[in-house]
Structures are given as structure tokens and as C-alpha cells.
Amino acid sequence: MARNLTFSIFRYNPQDPTSTPHTDTFILDETNHMTLFIALNRIREEQDPGLQFDFCCRAGICGACAMVVNGRPGLACHTKTKDLPENITLMPLPFFTLVGDLSVDTGTWFRNMAQRVRSWVHTDKEFNPRALEERMDNALAEEIYELERCIECGCCVAACGTAIMRPDFLGAAGLNRLARFALDPRDKRTEQDHFEIVGNDQGIFGCMGLLACEDVCPKHLPLQDQLGMLRWKMGWAGIMNLLPWKRK
Amino acid sequence: MQTFQTDLLCIGAGLAGERVAIEAAAAGFDVTCLSLVPARRSHSSAAQGGMQAALGNCAMGEGDSPDVHFEDTVKGSDWGCDQEVARLFCDNAPIAMRQLAAWGVPWNRVVPGKSTYFKGGKLFEKEELQEKEGLITARAFGGTAKWRTCYTSDGTGHTVLYTMDNRAVQLGVAVHDKVEALSLIHDGKNCLGAVVRCLKTGELHTYLARVTLIATGGFGRIYRESTNAVINDGGGLIIALDTGLVPLGNMEAVQFHPTGIVPTDILVTEGCRGDGGTLLDKNGHRFMPDYEPDKAELASRDVVSRWMTHHMRQGLGVSSPYGDHLWLDIRHLGCQHLATKLREVDEICKNFLGIDPAVDLIPVRPTQHYSMGGVRTDKDGLAYGLKGLFAAGEAACWDMHGFNRLGGNSLAETVVAGMIIGAKVVTYLQNHHVSFPTSLVRDATAAQQDRIRLLVSGKSGRENVFAVRNAMYDALMHGAGIFRNGKDLEACVQTLQEVHARSEKIGLRSNGRGANPELALALRLPGMVRLALCVAQGALQRTESRGSHAREDHPERNDRDWLVRTLATWQPGESLPSLTFEPASTVWSIPPGERGYGGGKIISAEPEEKSGI
């Protein structure tokens, strides 16, 4: 114990004409139960009050604090320093627009993703405030919840080989979102509707199957299974489209 | 400088803000939400346990109704709530839950047949009815007569917020995220919008709106130790208070949650105790039944937090480098239950404490959690003091919680109040028209630009923003915690006045360019200290104990003199808030009486003197 930690942190403030991208080094004494949340706030308070980073719930629930920690995207709030070596390198998530230092703009990308996959229940039914709710099997509710657990932290996209080459790729987060609605009987969209959204290179056929998304997902979502299943279903939907009697 | 114009400006895009926005957008109005963070990171997402609504579908909820829910809520509030508002809430909660189901929330559902459950460490059996299969089920929470809390595992806030934001996307509600409102624009009569700083570029923008809604959540971050997200600094309350016209209600009513983990103060849900978890002291003794033979761990939060603090003061807490704590025991619930019903808790224990709750005890202690107080509104959500200004959710004092809110009632309040107030906003928008004098808008913006210039240049002083913040933390911790007394509160108020003066003399150490975080805190801090003073001054004046407000020197609940709500306004240039009082409720469906837990003496009201001082 009682280590001195050396933090190498990426610095750049795009709003400051005198700022250039570089790395700053900060030394901090390690304390018990120290997380990157505690460490970064101490650096800001004691050494550099201008250091930009994002935290919100600081409990691994909201997804605000994703960054690249020693080369790997993850949530800073639940990263304990005792699991890291003495030299810690922190970089902002790639792929997303940089706000400054370790802070990136994930909100714009995820809002756009929600619009692209039309992330809502598609139904003609009017809500009747006097009627009982529609019944649902509890096991199915739990299955939907499993996919609903995505916290939009952006780690999966930041770690994605396709996303690096193709900025319009929906990413595991987007494809998982569609899979969540495909599972939900309240959403009346058909497989053909799904095909129109993700049956292309921006969608499921852009996935190269490298699966870093599953490796880095801090919520341990079953992304590999979902991508595999969606690819299989969309593959069949594509073949069906080639059959003359199935064409619209 | 950019100027945006819209019909409805929602400051805050959590559940309450977005629910109101959705109602207005569905009625065809133009809506813009402002948010410190992307909407889905709002603190609503962190609510774990669930939402109370008297659906009565599950076996242990049989016979439940809005009447029973109402009674629990009024008792929970220690008769501090507005009973008309509490009634409105309880009656509408079941509709709101079903609407959320229709919009896509994957509520846990009733599974018919026999199953077991824990209550206070003991195993019991229940049988769910076949005819209820697949309807929304519920779990137990503190201070309730029935199992009434609807949930999706322990990620209820998350799933409901994601569903709500999906709906907002569907209806084309604009969300401008990473922005912070610095002041309201008003002409002394009408609220006209807000001056806003962009947290991506640091630029100032103005938003002009016919109606403005404050839905910024709680202000827990005026305390050093809080379960709240770091964004819950009371921004919406500050800009309302700074008008000098809009009062904040019951700011002294601050809830401490029994189970914040030690260290880091992260919350583990009341669902742990609702599902049968127990509290143990350093000897492994389950102490709550000694104090509350009937409700035990499931008395209301104010009561459990007080007994825990009392028990630790008897020397029965577990010592740690981070101070004394007690243990939460959920080991007996089993791996299967933890993996499905208490998943976030399981992850929090493993990730932040490095322990496995199936094998280990969880270190917990009472931690600041919820603000019953907020922008005082009428039952339509319309704020006192300015036309065209509404408030909803934790930021508002609507006031269904009085001096203590029940677990599961606040997350439900966000969507139920959002539904009710949203409809009122729509009616209001149909008839409310304003003009925007350009000089007023220019002056409001110039005032904020001046503040920024002074902070960056250091011409007001060289106070360190973090040192001033720490002084505020220390003052509140000494005076305005779980137990309070006149002597410490007087010292607290005096210290906070000094801290307030210092907060006006902050100078930045960094250059303040772009989305500079030091500047953001420096702009916010004087307002946070004013909120702290509203809490402390309100607590000092209120010489009784009610709900979460516990005065050691006035341990009795005094219905004769204090069946009232505190209203705090702040006149520009003053060093203290001005306090006035109004009757706690105009309707008394349930006259003040015993809660049935918590003990304590009551000084009863003479019927003709019910409204107090």
C-alpha cells in the first residue's frame, strides 16, 4: 500500500486558442478504496481546477464517466486504483466529439441513434386509462430488461473496429436497442421493418465480429448473442427479399 | 450569442421534466428541455427500488386501494403534506403505471402459484392468484400497509427514464444537453425564459419561452455525504430563489436514507429491506425490532435513520476509518434473488466495496438522500410568485411528501405529477401570452457575463472555490444533519452567512475558458450556500420535531403551533432568507394523529388553531 500513483492525462481544450493536445502528469498518493472518481476529483481540487471530465451518478448506473483507462474503455467511477499499476494513462473515448480533456459528447450520438432505430414501441393502440394493463409473461419482461440495461456509456462503440472505419455504424448499442424492441410484443414492427433499419453495412452487416463490444461492456450485456442472432435473422430476411414471390 | 424561442422550456430532462414535455409536445406545442447531462443520465436513472401505485395485483397487495396508499402517504409525511395533492397523486398513480406499461416499461409481472419470501430474516409463504397472472406485480417498501411498489428488478428508474426518453424522441421533444441555466429571465410578473451557459463551449445562450418548468431534482450536493448524483446541486431552486419573488417550501425537510454504503455514500435500495434484509450492529444483533417491534426495518426512512444513529451513539456501531457504520444483511435472500431482483445492489457491492452480498455483510449508514422541500407550487404545479413558471418532481414542493417521503413515492411522483401538471401546462399555454422586451433579455444576459468576467479576472477576491465549498459542507454537517438543536443551528446559520460572503469573493485559479469546470462551480456556489441557509434557518425556526426534522431540544411534534409549511424567499442583497408560513394543508381528510411507528410525543392542535402561528 501507500503507493504514489502517476497519472498521465490527455489535455486539450478546443475552446482555448492557446491549447494544444498534450499529456499532463499528476502524482497522487493512493488511499484505501480509491477509485478514479476519487482520484480525478482530488487532482481537480488540489492540482488543476481546470481539468475536464464527466461524472454523474458515480455508482456505475448512468454511464457518464466512460474513458480509456490504460488502453481500455471503461467506467471511471467503478475502476479501483488498486486494480491498476502505478502508472495510469487516461484518454477520452475515441469516436465521440471531444468537449475537452477527458470529456466527450455522447449525448448527440446516442440521440441520433435513437432516432435511427426508431427507439420506441410502434403500435396503433390508444392508451385507455380505465383499462387494465396488457398482460405479459414475467420471464419475457425479464428478458427485455436484460437488453434494456444498456447505459449508453459508449464503451462498445469506442472499442469497435467497424466504428473506427465507418462513422455511420450503429454500433452494438444501436443494434442491441433494435433487438430489445424486436423481443417486445408491444412493438408491432415486423422483421421486414427491422431489415429496413439494420439490414445494411451501417447496421448488422457492418459488424466484423471482433466483439470488443462484449469484452468492454461494463454492464455485461449479452452483445455477442444479440449481434449473432440479429445477423442470422436479417440474413434470412435478406434472402427472402430475393425470392420473387416474397418481394413487395 | 444564440437565442432560442419555444413555447415550453423544461429546465431538467429527468422523469418529471420529460413527462411534462411529452404532454405539451403531444398537444402540438414546441418544447425544449435543458439538461446538465444527456437526458438518460439524469438522476432519475439511479432510482432502483420502484414506484408506489395501488394496483393490488400481487398477493401481498390484495385489498390495496388509493385510499390505503393515501393513508400511508399522510402518515409518512407526519401530517406535513398537502392532503389534496397527496390524494390527487394516489388516485392517479395506477393510471400512470399502466401508461408506462403501454409505452414499453418491462415491469416485473405476477407469476401465479406458491412462492416464499423473507420478512425480517424469517421465511414465509405466499400464493399468487392465477387470475392475476401477467399483471404488474409489486414489492414491499417501508411505511406501507401493502406491497405496492412496482418495479423492474432494481433498475426501475433506468427503465422508466429510457422509456420516457424514447417517447420524447418519438414526439420530437428537443433536448439540449450539457447546458446549465444560470438565471431566470422575468419582468417581475411573468417568467420569460432563462440565461443558459453551454457546458460544451462555455458560451452564454438565452432561451425565451411562454412557460418555463423547473424540474432539476434535489439539492443533496450541498451536503458532503449524499447519495445524490454530482449534478444534484439545486440549480433550478437557486434560479427560482434568486428572483426574490418565488418562495421555496419546507427547505428544512431533508431526508436521510438508512442505507448509503460506507465509504462512497452510494445508495443500496430500500428494496433490500423490503425483500427481507435486516440491519445488524457490531455484535451481529438485529436491533430494529427492539425499537420498532411492529415495522422493524420497514418503518419510514426518517424513523429507521434516527434509530440507526441512536444505536451507533450507544457505541454499538462498527468502527471503520470512514467513521462508524452498521451492517445490512441480505445474505439469506440467496444468489438467485440477488441476481434477478437486486442486481444493481449485487454489482455495487462487488464493484465499489469488493464484497459479495451473498456471503458478506454490507457496511451502511444513514446518508443524505432526498429533498422534500423545493419550489413551492399550487396543486397545478404553478409556482408562487411568477406567472408562467411551473415546477415538478423533487425540485418542487407540490407538496405530497410533507416532512418525510415514503420510498417509492418520489419516483412515482415524477411521472404522476408530470402527467397531471403536464395537462395543466397545456391548458395554460393555450391562454398565456407574453412579450419579450429585448432590453430585459439583454440586461439578464449582461448580468451573467459580468459575473463570469469578475470570476475570471479575480477582481471580486481570491477565495478558492473548493475551500469555500468545504466550509459550507462542514457547517451543514455540524448543524443540519439527522439530529438538530438550537445551539448548533445558530452556529450553523452564522457560519453559513460568513461562507456566503466568502462565496461572493471567489477568484478562479484556472483560465475559465471553454467548458471550464472551476467556473461552473464558482457560478453555482453562492446559490448553493443560499439554499444551505434556507435549510438551516428553516430548521432553526421550526421548534418541533416532525418527520425528518428532529430537534433534540424540541422532541415533540407540535400540531398546535407548527402544522405549517415554511416559505423562504431571498431579497436581493440580503444575507438571510425571509421566512413566512402557511397552513400545511387546506383539506384534512385524515386529522393529525399517531403514525404507528417512531414513537414521540405529540402536542395536539386545538381545532380552531389548526393553522398555527
Side-chain angles (χ1 to χ4, degrees), chain A residues 13-16 19 32-33 35 37 44-45 48-64 78 80 99-100 103 105-108 110-111 114-115 118-121 123 125 127 129 131-138 140-142 144-145 148-149 151-152 181 184 186-187, chain B residues 37-38 40-41 43 45-46 95 97-99 101-104 106-111 133-137 152-153 155 158-159 162 165-167 169-170 175 177-178 200-202 229-231 263-264 266-267 321 340 344 347-348 351-352 354 465-466 508-511 513-518:
Chain A
N13 182 354
Q15 301 300 320
D16 179 356
S19 172
N32 269 334
H33 297 282
T35 61
F37 170 70
R44 184 188 276 175
E45 197 165 329
D48 188 341
L51 179 63
Q52 294 185 50
F53 51 77
D54 291 321
F55 285 98
C56 184
C57 77
R58 58 83 176 87
I61 291 169
C62 81
H78 75 194
K80 297 185 279 292
V99 173
S103 171
D105 174 10
T106 50
T108 305
F110 276 100
R111 178 84 176 189
Q115 285 161 343
R118 302 172 66 78
S119 168
W120 57 85
V121 165
T123 178
K125 279 188 194 155
F127 172 67
L132 275 186
E133 64 272 24
E134 266 186 57
R135 289 168 199 260
M136 179 182 272
D137 186 47
N138 189 57
L140 177 60
E142 284 179 351
I144 296 170
Y145 176 64
E148 187 89 312
R149 292 179 76 241
I151 55 172
E152 300 195 347
F181 282 102
D184 195 329
R186 292 169 292 198
D187 189 334
Chain B
V37 291
R40 290 175 193 225
R41 310 210 193 292
H43 196 46
S45 73
I95 298 170
M97 298 309 118
R98 290 178 179 134
Q99 187 174 48
W103 289 354
W107 293 118
N108 276 85
R109 304 292 180 134
V110 174
V111 180
E133 180 174 16
L135 296 176
I136 299 169
T137 191
T152 56
S153 182
H158 171 89
T159 58
Y162 271 52
D165 195 51
N166 284 339
R167 184 84 181 154
V169 173
Q170 181 185 0
V175 178
D177 70 33
K178 279 188 181 265
K200 292 175 189 167
T201 63
V230 299
I231 55 171
T264 71
I266 296 169
L267 179 80
T340 55
E344 296 296 335
E347 276 191 14
I348 286 167
N351 289 334
F352 294 90
V465 66
F466 298 107
L508 296 194
R509 286 178 294 157
S510 58
N511 64 18
R513 288 185 187 150
N516 183 285
E518 190 187 20

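Naming: A, B, ... by sequence-line order, numbering from 1 per chain. A quick note: this is a predicted structure, and the numbers were derived from the prediction, not measured.
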Of all of [options], which one pairs up most often with chain B through heavy atoms under 4.5 Å apart?
| options | result |
| --- | --- |
| A:Arg111, A:Glu142, A:Gln52 | A:Arg111 |
| A:Asn13, A:Asp48, A:Ile151, A:Asp187 | A:Ile151 |
| A:Ala131, A:Ser119, A:Cys57 | A:Ser119 |
| A:Pro129, A:Gly63, A:Gly60, A:Pro14 | A:Gly63 |

Rounded at 0.5 Å granularity, tell me how far [atom1] in [X] sits from [atom2] in [Y].
| X | Y | atom1 | atom2 | value |
| --- | --- | --- | --- | --- |
| B:Arg109 | A:Asp137 | CZ | CG | 10.0 Å |
| B:Ile231 | A:Cys62 | CD1 | SG | 7.5 Å |
| A:Glu148 | B:His158 | CD | NE2 | 5.5 Å |
| B:Asn516 | A:Gln15 | CG | CD | 11.5 Å |
| B:Phe352 | A:Lys80 | CZ | NZ | 8.0 Å |
| A:Asn138 | B:Leu135 | CG | CG | 11.5 Å |

- With side chains defined as the heavy atoms from C-beta onward, is the minimum distance between A:Phe37 and B:Thr264 less than 4.5 Å?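 They are not in contact (no side-chain heavy atoms under 4.5 Å apart), so the answer is no.
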- Task: Taking the side chain as every heavy atom from C-beta outward, state whether A:Val121 and B:Gln170 have any pair of such atoms under 4.5 Å apart.
- Result: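 Counting from C-beta outward, A:Val121 and B:Gln170 never come under 4.5 Å.
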Looking only at heavy atoms, what is the nearest atom pair of [X] and [Y], with distance?
| X | Y | answer |
| --- | --- | --- |
| B:Tyr162 | A:Glu152 | OH-CG, 3.4 Å |
| B:Pro106 | A:Ala141 | CB-O, 3.7 Å |
| B:Phe466 | A:Glu45 | CG-CG, 3.3 Å |
| B:Pro38 | A:Gly107 | CG-CA, 3.7 Å |
| B:Ile348 | A:Ala59 | CG1-O, 4.1 Å |
| A:Arg186 | B:Gly104 | NH2-O, 3.0 Å |

What part of [X] gets within 4.5 angstrom of chain B, counting heavy atoms only: side chain, backbone, both, or neither?
| X | answer |
| --- | --- |
| A:Arg118 | neither |
| A:Asp184 | side chain |
| A:Thr123 | neither |
| A:Phe127 | side chain |
| A:Leu140 | neither |

Tell me, for [X] versus chain A, whether the close heavy atoms (under 4.5 Å) come from the side chain, the backbone, both or neither.
| X | value |
| --- | --- |
| B:Asn108 | both |
| B:Val175 | both |
| B:Val169 | both |

- Message: Is it the case that the side chain of A:Glu133 and the backbone of B:Ile136 share a donor-acceptor pair, with hydrogens and angles ignored and the cut-off at 3.5 Å?
- Response: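 Present.
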- Query: Is A:Arg135 reaching over with its side chain to a backbone N or O of B:Glu133, donor-acceptor style, under 3.5 angstrom?
  - Reply: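 Yes, because the side chain of A:Arg135 sits within donor-acceptor range (under 3.5 Å) of the backbone of B:Glu133.
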- Item | A:Glu134 CD: over 12 foreign heavy atoms closer than 6.0 Å |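 Check fails, neighbour count at 12 or below.
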- Message: Against B:Lys178, only a single residue in A:Thr108, A:Asp54, A:Asp105 fulfils side chain to side chain donor-acceptor pair (under 3.5 Å); can you say which?
- Response: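 Per the side chain to side chain donor-acceptor pair (under 3.5 Å) rule, the option paired with B:Lys178 is A:Asp54, out of A:Thr108, A:Asp54, A:Asp105.
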- Item | Derivation of the side-chain contact (heavy atoms from CB on, under 4.5 Å) call for A:Phe181 and B:Asn166 | CA-CA 11 Å; A:Phe181 282 102; B:Asn166 284 339; 3.6 Å; yes
- Message: Heavy-atom pairs under 4.5 Å with chain A: which of B:His43, B:Gln99, B:Glu347 has the most?
- Response: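 When all of B:His43, B:Gln99, B:Glu347 are compared, B:Gln99 has the most.
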- Under 4.0 Å between a Lys/Arg side-chain N and an Asp/Glu carboxylate O for B:Glu344 and A:Arg149?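 Here B:Glu344 pairs with A:Arg149 in a salt bridge, since their nearest N and O are under 4.0 Å apart.
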- Can you check side-chain hydrogen bond (donor to acceptor under 3.5 Å, both in side chains) on A:Thr106 and B:Arg41, steps first, answer last? CA-CA 11 Å; A:Thr106 50; B:Arg41 310 210 193 292; 2.8 Å; yes
